[in-house]
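Being a predicted model, the structure only gives us computed values, none of them experimental. Each chain gets a letter, A, B and so on, in the order the sequences are listed, and its residues count up from 1.
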Protein chains: 2
Amino acid sequence: MPSAFHSHPLSRFVRKCESIAPLSDAERQAILNLPIKVSALSARQVILCDGDTPTHCYLIVEGWACSYKMISEGRRQIVAFHIAGDIPDLRSLHIGTMDRSLGSLTGVTVALIPHDSLRDLIVRYPGIAAILWRDTLVDAGIFCEWITSLGRRTSFEHIAHLFCELYLKLRAVGLANGHGCPLPVTQNDLADALGLTSVHVNRVLQEMRSRGLISLSGRQLVISAWDEVVRVAEFDPTYLQLEMRAVE
Amino acid sequence: MPSAFHSHPLSRFVRKCESIAPLSDAERQAILNLPIKVSALSARQVILCDGDTPTHCYLIVEGWACSYKMISEGRRQIVAFHIAGDIPDLRSLHIGTMDRSLGSLTGVTVALIPHDSLRDLIVRYPGIAAILWRDTLVDAGIFCEWITSLGRRTSFEHIAHLFCELYLKLRAVGLANGHGCPLPVTQNDLADALGLTSVHVNRVLQEMRSRGLISLSGRQLVISAWDEVVRVAEFDPTYLQLEMRAVE
DNA sequence: CGTCTCTTTGACTCCGTTCAAGCTCCGTGG
DNA sequence: CCACGGAGCTTGAACGGAGTCAAAGAGACG
C-alpha cells in the first residue's frame, strides 16, 4: 500500500509524462482534471480481450498487468508488462479494435479514461499528444529489444536483459529500491514473456543465483551484480529513453 | 522500373496515408510539396546506424530495406522489413538517437525529408500527425505478432505467418500480383528476421513447397494455397489495419 | 567460362522441451 | 494450533527441434 493511496490516481502517469518532456501547469492540470473512474481488479483477470472495441482507456494506477496474445493449444505469449503510470491500450484511441488481450497479473487498480476526454485533451494540448506519441515510440523500441532477445539471444542473456529493463522501468517511476525491485509474477508468467518453458526459466534462474548475479524470492528481484548482468545481457538502456532522475 | 519512375517519389506514401485516413486536398498537397532529396543506394548498404542522430527522415520510394539490431558474435536480428511508402526512422523525429540500424536489402531509392519540414507539416496539419501516429501504432501491432511468432509459434507457422503479412502489406500499396508478390531477400535475411538459421529456413521452405503451399524462386513468392497457409499460420489480418482496396 | 553469392544436402550436436514426480510455502478451516 | 490443499517451485531423465559444420550444387553476372 504505497503512496498511491495518498496521491492522485494519475500522479504516476503525470510523473511518467514529465520524464518524457516538461509539462506546463495548464497541461498538468488538464491531465489531473480528466474524468476518471477508478476500479480495483483481482489477479489473473482478463481486462480487455483480443477483438474488443473499448470506449475507455485503462491507466494502471497500481499493480502489474500484461498484454498478451493467445494462439492454439493454449499457447500464450506475453508481449509487454505494464506497471503504474502505463496506458496499455492507448492504441484503442486511434485503432478501434484490440489486436491483443490485456490482463492483470497481480491485483491492480486501474483508472478508466473515456476516449472522448482523451481525444479532447490531445486536441487542446498538442504537447501532450507529442508526449503520448513519443511514449508509443519508446514502447516500439522495447518491442524491438524483445524481438532481438527472442530471436538471437540465449535464454540466459534474454532473462538478464529483461531483468535490466524491468528494473530500470520501475526505478524511473520510483518503484525500485536500491538494487532491487518488485517482480510479482510467477516463473510461468516469465516463461510466457520469454518464449520459454517455466522449467527452463527455473533452471536459468538457479544458475543466475548460483553465480551470485541476482536473488529472486518473495516476488522481489535483487540484481546483486548489476554491472555483470548488464555485461552478459549486452544491455544498453538508451532505448528506454529514461533520463535517470533520482529515486524518490 | 515500375511506375515510381513516372510518378512523384512520395506518391506511394500518399497512398499509404490515404489507406489510413482520407486526406484533404490541402494535406495531400502539403505532403507532395515537402522538400525532398531523392537518392539511390545499392543493396546491402547501411543507411543509418544504431546510435546515429539523423536530421532527416528516410522515406522508401522503391526497393526493400530493413531495420535490424546487431549483437555480439555477428548475430543480427531483423526487426522489420520496409517497402515503398514506409518511413522506417519516423521515430528519429521524436527521439533523437537511433536504437537500431537501417539498411538496404535490395537496391533502394530513398527520399530524404528534413526533420524541420516534417515537424512543420504535422504542426500545421494535425490530421497528418494523427495518421503518422496511427501508423506507428500499426507497426507496434506488427511487432507484437513477430514477438508471438518468435516466442510461441513453430518455425513452420512462423514462416507462413510472415509470408501472409508481407503479401498483404505489399498488396495494400499495389505491389502484389494475383497470389504472388516480390520477395527480394535471401534465405539468410529471412533467417535473421525469423530468429532461425538459413539452413533451417531452407528446410522449412522445401516442406512448404512439397506440400504445394507456396512457390518461391527468382525473388518471387507465390502463395498458391492461401487459405491453407492462413490456416496453419492462424493468420488474422486485423492487426495490419488494411482496408483491402482493389489492387491497382 | 570462371567467380561469387546463394541454395541445398547430410551427419552430428546441443539447447531447451516434455513428462512426471516431489517439494515448499502459505492460507484456510476444523 | 495444526492438518490439509493448492499453487508455485524444483528436480531428473529422455526426447526432439533447430543449430553447426562442412561440402556440394545452381544461378547470375561480367
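- As judged by a 4.0 angstrom heavy-atom cut-off over every strand, B/Gly195 is placed among residues touching the sugar-phosphate backbone only.
- Atom CG of B/Leu216 and atom C1' of C/dT7 are 11 Å apart (whole Å).
- Take the nearest nucleotide of DNA chain D for A/Val185 and for A/Arg152: the residue whose nucleotide is more 5' is A/Val185.
- Considering only side-chain N and O atoms, A/Arg153 lies nowhere under 4.0 angstrom from the phosphate OP1 or OP2 of C/dG16.
- Here chain A contacts DNA chain D (any atom closer than 4.0 Å to a heavy atom, that is under 4.0 Å), and the contacts span D/dG8 to D/dA13 from 5' to 3'.
- Across all strands, B/Leu205 comes closer than 4.0 Å to no nucleic acid atom at all (heavy-atom distances).
- Following rounding to the nearest Å, B/Leu150 (CG) and C/dG16 (P) show an atom-to-atom distance of 14 Å.
- A salt bridge between A/Asp86 and A/Lys16 is present, with a side-chain N of the basic residue lying under 4.0 Å from a carboxylate O of the acidic one.
- C/dT24 atom C1' lies 13 Å from atom CG of A/Asn202, rounded to whole Å.
- Distance A/Ile159 CD1 to C/dC15 C1': 13 Å, rounded to the nearest Å.
- B/Ser155 comes within 4.0 angstrom of sugar-phosphate atoms only, judged by non-hydrogen atoms across all strands, and of no base.
- Across the protein-nucleic acid pair, A/Arg203 atom CZ and C/dG16 atom P stand 12 Å apart, rounded to whole Å.
- The separation between A/Gln206 atom CD and C/dT24 atom P is 13 Å, rounded to whole Å.
- In this structure, B/Arg209 reaches the sugar-phosphate backbone alone: every heavy-atom distance under 4.0 Å involves primed, P, OP1 or OP2 atoms, never a base.
- Axis angle, first five pairs versus last five pairs of the helix from C/dC1-D/dG30 to C/dG30-D/dC1: 30°, rounded to 10°.
- Of the candidates A/Lys69, A/Arg76, A/Arg75, A/Asp192 forms a salt bridge (charged side-chain N to carboxylate O under 4.0 Å, His left out) with just one, namely A/Arg76.
- One interatomic measurement links the two molecules: NE2 of B/His200 to C1' of C/dA11, which rounds to 15 Å at whole-angstrom precision.
- Judged by a 6.0 Å distance limit and a 45° cone about the ring axis, A/Arg211 is positioned over the six-membered ring of A/Phe156.
- A salt bridge links B/Arg44 with B/Asp189: at least one charged nitrogen is closer than 4.0 Å to a carboxylate oxygen.
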Stepwise side chain to side chain contact (heavy atoms under 4.5 Å, CB included) check, A/Glu157 with A/Arg152
CA-CA 10 Å; A/Glu157 293 167 347; A/Arg152 288 290 181 240; over 6 Å; no
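- Summarising the geometry, the separation between CG on B/Asn188 and P on C/dT5 is reported as 13 Å, rounded to the nearest angstrom.
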